[in-house]
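The structure appears below as structure tokens.
Note that the numbering runs from 1 along the sequence shown for the chain.
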Amino acid sequence: MTDPVHLSKGQNIELPETERIDVLLGWSETQNGIDVSALLLKGGRVPSDEHFVFYNQPASDEGSVQHLGREITQAGHHERVSIDLGAVPDDIDTIAVAGSTEHGTFAYFDAITLTVIDGGGALVAEYTSPDADTETAICFAEVYRRNGRWKLRAVGQGWSTGLAGLATDFGVDIDNDTGEETGNSTQGWIDSEPPPSDEPGTADDDSAAAPTEVSPPEPSESPLDASDSRPVPSQPRRKRGVSTVKPAARAARLPQLQLRDNDSWQPARLFSVIGVGSGDEQERRATAAVVSTMQAVRPFARAVCARLGAPVGRFEGYIEVPYTRGEAKVMPDAVFRVARGSKVWTALLEVKTGTGQLQRVQLENYLDVARRHKYDTVVSLSNDVPAGAGELPVEVDRRKLAKVALRHLSWSDVIHEARMVLSHGGLDDDLQAWILNELLRYLTHPRSGATEFSDMGPHWVNVRDRAAAGTLRAGDAKAASVAGKWSALSRHLAQRLTAELGVPVKNVLPRRLVNDADARTAAVMSRLAADGVLEATLSIPETAGDLTVTADLRRSKITCATTITAPNEGTSTKRVTWMLRQLKNAPPALLVEAGFSDPAANACERLDVVQSDPKKLTARGSGTLDTFTLQCSSTMGTKRSGMGSGFVHSVTCAVDSFYADVLQPLREWVPAAPHPADPDDTSVNEH
């Protein structure tokens, strides 16, 4: 596998032979977000509004370009566009990939990176956009066709008129019903620069193919409707113009049962755990429950399928479909099919529940079957939670990924998507909301075998005891297993908070560790061997500080902490008073540390002590009070899995409690509006 190409502005490369690429637009900030979009161009303009792919129109008509939405990794956030190169219409010569931001300008973002990944998950190219200023939309790259081959060009040209202005310049008819004119951008790049050369790093001397007249496609039935004798209702013609206004997220409304005499009356469950065993029975029940719910609740099906690179379209799922491979028979646990227009996307699904382990041979057999049938993807679904998004729990022969993609879903991912749709997906149908909630109840029951991250692996007890005794060494293979589990738990904590809070929470890592699983594991192992400590930092939007959770195996303690900046005016006593007013409902045992410019003046006391005598934190008195560090400790669970005394359960509970009781109520200090100077006024803004 060759190293990825790092592109500079104007440079272009030829893409490798692959059926599909994913283009990811990534950024590290959490307060603002970037929305990715793609425009299918013919001679520099869209042939129709349907050739504009973005959050309100997540697929082109023929399904060749898909908007797959936002994900969170250790690197930060990214939005993804998937391009099926073989399905792009012949008259489309260029696909422009752009990004836009609704709040502020791109000057807010330190670095924005465009990444191109092939169908096998291999990194093809990267482009880090130069610093921006007033731009609110940027065309980052073009995927274009020359002499029958696909190429990639780094562009980096901006608009100050947002997504609507960018789309308008490409010929999209925008109708936001606001009465505002989008107009033409003053920084549009069409016709404003000579087209770059086809040699890497030089100007392109190829001219775009001459526009040709293309007749509109004849209407056709979806292949999934071919055997359906029922009349298909005609779809109302969409009004001219697309809206770039984002729909507001809202929680689903669940039906409330009000006629029972008392709380002992238990409602019937759609997916019952009664009688469920283990192994095959567990897998069949969980698979059937998920597939049937996806068919009934389309937003949930879309959320799951988007993770797999599927188009937006009608979903159908089938279980235990038999195939032949040579003389043998193979039977995937399920087959996913999504139809859009005349194209049908297909994925074979292999499911494991409980402690079941995915097998390389089985996945490679499915890859062979998928390639022979010209299917798109093989999906593994298990309780394995890889430490990084896109990482696979089982490595396979990469030659088998030339024509078929391999994707992994954890049961934590499925549960996360169900929670997101219920809480923030705008699900209007009460019956669908009830069905999805019943699936969530089932999957989170211990008997389902499809649990969230809950197990530190078979080597946990051995590594825990040696770390506590100080005899663990960083090169220990068992320590590597526990380090990988901790990285997975850190990602699970971020994903869990994302679903609960409706904001993108990320696990913060040094940049050098983000995309290097081996280096990430080595860093965790080194800290574990040296200090007996596992540590993760979660960045939560709109909070006053990051949340750091530390598992100290030598002290058997879980500690959650955050550091916030103190007001930069007023006396030290006033600054302490400002802090205490925000901690009225915090636990008395919370430790409050005051950090001074002179470290010798630093002081730390329990909250209840400081509340009775605030001067306990300022008695040493030298230097300026700059920061407050707040931390809570609780007993660490020691068992590898389970509730109560389980390690994962103790970490999860500690994070939840600290966020609710301490971090969520905190607000950063905001200075008062300017007023005439008063030399006698030493007060600090206490709002």
Side-chain angles (χ1 to χ4, degrees), residues 1-26 36-44 51 53 60 62 64-66 68 78 80-99 112-130 138-157 170 189-190 193-212 309 371 376 390 398-406 515:
M1 182 166 45
T2 59
D3 293 332
V5 178
H6 297 277
L7 299 174
S8 56
K9 185 174 180 177
Q11 186 179 357
N12 58 75
I13 62 168
E14 187 170 290
L15 292 173
E17 291 282 354
T18 182
E19 291 291 317
R20 179 185 297 274
I21 61 170
D22 283 1
V23 183
L24 285 69
L25 200 60
V36 71
S37 56
L39 300 105
L40 288 73
L41 307 178
K42 171 185 172 183
H51 290 78
V53 177
S60 56
E62 76 297 326
S64 63
V65 180
Q66 309 287 330
L68 300 183
H78 67 253
R80 184 188 300 253
V81 166
S82 181
I83 304 174
D84 186 343
L85 298 173
V88 175
D90 293 339
D91 64 320
I92 297 299
D93 53 64
T94 302
I95 300 167
V97 180
I112 304 167
T113 301
L114 179 135
T115 305
V116 178
I117 300 173
D118 67 16
L123 191 60
V124 175
E126 287 185 328
Y127 167 53
T128 300
S129 178
I138 295 176
C139 177
F140 288 94
E142 295 174 320
V143 178
Y144 65 103
R145 183 159 33 194
R146 289 290 186 275
N147 300 321
R149 296 301 304 271
W150 285 102
K151 300 183 179 183
L152 172 73
R153 178 186 298 127
V155 178
Q157 289 294 320
F170 281 105
W189 59 279
I190 301 176
E193 293 184 356
S197 167
D198 216 30
E199 293 300 321
T202 64
D204 193 354
D205 57 8
D206 288 338
S207 59
T212 56
R371 183 175 65 252
D376 301 89
R398 293 196 62 82
R399 293 173 295 181
K400 296 182 180 291
L401 302 177
K403 299 290 184 180
V404 182
L406 177 61
N515 295 315

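- Pairing each heavy atom of V124 with each of L15, the nearest pair is CG1-CD2, 4.1 Å.
- Residues L40 and S64 meet the side-chain proximity criterion, which asks for heavy atoms closer than 4.5 Å.
- Taking CZ of R371 as the reference point, atom NZ of K400 lies at 5.5 Å (rounded to 0.5 Å).
- How far CZ of R398 is from CG of D118: 6.5 Å, rounded to the nearest 0.5 Å.
- Side-chain contact between T115 and H78 is absent, with no heavy atoms from C-beta onward closer than 4.5 Å.
- Nearest heavy atom pair, residue E126 against residue L123, reads OE2-CD2, 3.8 Å.
- In terms of heavy atoms, V65 sits closest to A38 at CG1-CB, 3.9 Å.
- For the atom pair OG of S8 and OH of Y127, the computed distance is 8.0 Å after rounding to the nearest 0.5 Å.
- Panel note: side chain E142, backbone Y144; no donor-acceptor pair is recorded below 3.5 Å.
- Contact check for V53 versus V81: no side-chain heavy atoms found under the 4.5 Å cut-off.
- Just one of L41, V88, V143 meets the side-chain contact (heavy atoms from CB on, under 4.5 Å) condition when paired with T94; it is L41.
- Here the side chains of L39 and I95 are not in contact, with every heavy-atom distance at 4.5 Å or above.
- By the 4.5 Å heavy-atom criterion applied to side chains, V5 and L7 are counted as neighbours.
- Listed by chain and number, the residues in a side chain to side chain contact (heavy atoms under 4.5 Å, CB included) with V23 are I21, I83, V97, L114, V116 (sequence neighbours excluded).
- Annotation: side chain to side chain donor-acceptor pair (under 3.5 Å) contacts of D22 (sequence neighbours excluded): R80, S82, R407.
- Smallest separation of non-hydrogen atoms from R145 and P89: NH2-O, 2.8 Å.
- Residues satisfying the side chain to side chain donor-acceptor pair (under 3.5 Å) test with E14, not counting sequence neighbours, are R149.
- Within the 4.5 Å cutoff, the side chain of F140 has heavy atoms near those of the L25 side chain.
- Considering every non-hydrogen atom in both F170 and G44, the closest pair reads CD2-O, 3.8 Å.
- Considering all non-hydrogen atoms of both residues, W150 and I92 come closest at CH2-O, 4.4 Å.
- Going from atom CG of D84 over to atom CD of E62 covers 9.0 Å, rounded to the nearest 0.5 Å.
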Worked check of side-chain contact (heavy atoms from CB on, under 4.5 Å) between T128 and H6: CA-CA 8 Å; T128 300; H6 297 277; over 6 Å; no
